[in-house]
Protein chains: 2
Amino acid sequence: MNQKIDFLSKNQQIVLEIIEKAKEPLKAYSILFSVQKKGIKAPPQVYRALDRLIKLGKIHKIESKNAFVACKNDNCTISNATAFSICDNCEMVTEISNPKLSKYLANFEDETGMRYNKYNLEFFGLCRKCKKNKS
Amino acid sequence: MNQKIDFLSKNQQIVLEIIEKAKEPLKAYSILFSVQKKGIKAPPQVYRALDRLIKLGKIHKIESKNAFVACKNDNCTISNATAFSICDNCEMVTEISNPKLSKYLANFEDETGMRYNKYNLEFFGLCRKCKKNKS
DNA sequence: TACGCTTTGTTATAATATAACATATTAAAA
DNA sequence: TTTTAATATGTTATATTATAACAAAGCGTA
Ligand SMILES: [Zn+2]
Ligand SMILES: [Zn+2]
Ligand SMILES: [Zn+2]
Ligand SMILES: [Zn+2]
């Protein structure tokens, strides 16, 4: 039941499951509400699980929304390079998995020659559906 | 005193000034504390000024820190394309102004051919100083 | 067993942000 | 000039997001 390195604790599994089932990013307190029937009663229990799942790359935090999505990208075992597209209208979030982009960003050097070990990129625009409906 | 489109209201000027003077990103409530002597007494006054300054591109929000920095980039009149480097150790934040990067991101098309009108990119690593001190 | 480590449960509180409403200021319309 | 609409401000209260602090339980292993 305890965690070796690959395995999730009970609370972590519960939280991961609800995030994976969701079609939209979930907020911490909406997760808390949903899992109260399963015995998770207080914010720290949710936030601990979230923190751990993020470290494992199982989920990502959408910083501009304070919300959490399941990783759709099998190789995000360490979540140090994330990119998302976010619809300004319906708030749909999609994880971008684009080798060219990730290579470009992972190798990016700034003016001073500095390299980075982690990045997070959030794109905003209208998703296909919303673009259609507006036009 | 009121705002045409280029001019800032009193509260907006006060808030902008303190952010511009700061060497680090400032949190909303630390701004509130600093400006209480100038007559700004409550959170909404600060948040309104921040919102407006962001829309004008005078400041940017560092999403991963819930903190605000002055724009160092004269042409960010609309802040729809932002990139920052953030030191994991000393939390120093620098706005990246790299034409190649911004061109690359502004023109980025995802798999579905979707284009975006806005992005925010945050790089994390160790700044020069911190890297030296650690080695 | 006894120890250290991780996870869990729990209460309280800190930190971040907005709702709602009253008032004031200004610019333009009538 | 009066009226109106739009913007900015002040103010109180509250919502939302996140963490501190500490006690207890579970597990691996020496
Ligand atoms: Zn991922
Ligand atoms: Zn949409
Ligand atoms: Zn800028
Ligand atoms: Zn540093």
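Fair warning: this is a prediction, and the values are worked out from it, not measured in the lab. Lettering follows sequence order; numbering is per chain, from 1.
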Side chain A:R128, main chain B:T112, donor-acceptor under 3.5 Å: yes
Given the side-chain rings of A:Y119 and B:F124, with only the six-membered ring counted for Trp, is the space between their centroids under 6.0 Å? no
Looking at C:dT10, D:dA18, D:dT9, which one has an atom nearest to any side-chain atom of A:A42? C:dT10
What is the separation between atom CG on A:L8 and atom P on C:dT6, rounded to the nearest whole Å? 16 Å
Checking side-chain polar atoms at under 3.5 Å, does A:N107 have a donor or acceptor matched by the opposite partner on A:E109? no
Between D:dC27 atom C1' and A:K10 atom NZ, what is the distance in whole Å? 15 Å
Is A:S9 close enough to C:dT6 that one of its side-chain N or O atoms is under 4.0 Å from OP1 or OP2 there? no
Can you find a side chain N or O atom of B:Y47 that sits less than 4.0 Å from OP1 or OP2 on C:dT18? no
Looking at every heavy atom in both A:C127 and A:M92, which two are closest together, and how far apart are they? CB-CE, 3.7 Å
Can you find a side chain N or O atom of B:N66 that sits less than 4.0 Å from OP1 or OP2 on D:dT17? no
Sub-4.0 Å heavy-atom contacts from residues 24-32 of chain A onto DNA chain C, ordered by number: none
Rounded to whole Å, the CG-C1' distance (B:L56 to D:dA8) equals 14 Å
Tell me if a side-chain donor or acceptor on A:S102 pairs with a main-chain N or O of A:N98 at a distance below 3.5 Å. yes
Given atom CG of B:L50 and atom C1' of C:dA17, what is their separation to the nearest angstrom? 11 Å
If you find the nucleotide of DNA chain D closest to B:P43 and the one closest to B:G39, which residue's nucleotide is nearer the 5' end? B:G39
Among the nucleotides D:dT17, C:dT18, D:dT9, whichever has the atom closest to the side chain of B:Q45 is D:dT9
Any side-chain N or O of B:N11 below 4.0 angstrom from OP1/OP2 of D:dG10? yes
Rounded to whole angstrom units, what separation is found between the NZ atom of B:K38 and the C1' atom of D:dT9? 18 Å
Counting the atoms with a prime plus P, OP1 and OP2 as sugar-phosphate, which does A:K61 contact under 4.0 Å by heavy atoms, base, sugar-phosphate, or nothing? sugar-phosphate
Heavy-atom pair with the smallest gap, counting every atom of A:A49 and A:N11: CB-O, 4.1 Å
Taking the side chain of B:F68 as heavy atoms from C-beta outward, which of C:dA17, D:dT9, C:dT10 is closest to it? C:dA17
Whole angstrom is fine here: how far is it from CD1 in B:I40 over to P in D:dA8? 14 Å
Report yes or no: do B:N120 and B:E63 form a side-chain donor-acceptor pair below 3.5 Å? no
Output the rounded distance in Å from CD1 (B:I14) to C1' (D:dT9). 12 Å
I want to know whether A:F84 and A:F123 have ring centres closer than 6.0 Å. no
Pairing residues for B:R48 by the salt bridge (Lys or Arg N to Asp or Glu O under 4.0 Å) criterion, not counting sequence neighbours: none
Would you mind reading off the distance between A:F7 atom CZ and C:dT6 atom P, rounded to a whole angstrom? 18 Å
Presence of salt bridge, A:K72 and A:E95, under 4.0 angstrom: no
When you compare the protein's N or O atoms with those of nucleotides 20-25 of chain D, which come within less than 3.5 Å of each other, and at what distance?
| unit_1 | atom_1 | unit_2 | atom_2 | d |
| --- | --- | --- | --- | --- |
| D:dA21 | N6 | A:R48 | NH2 | 3.3 |

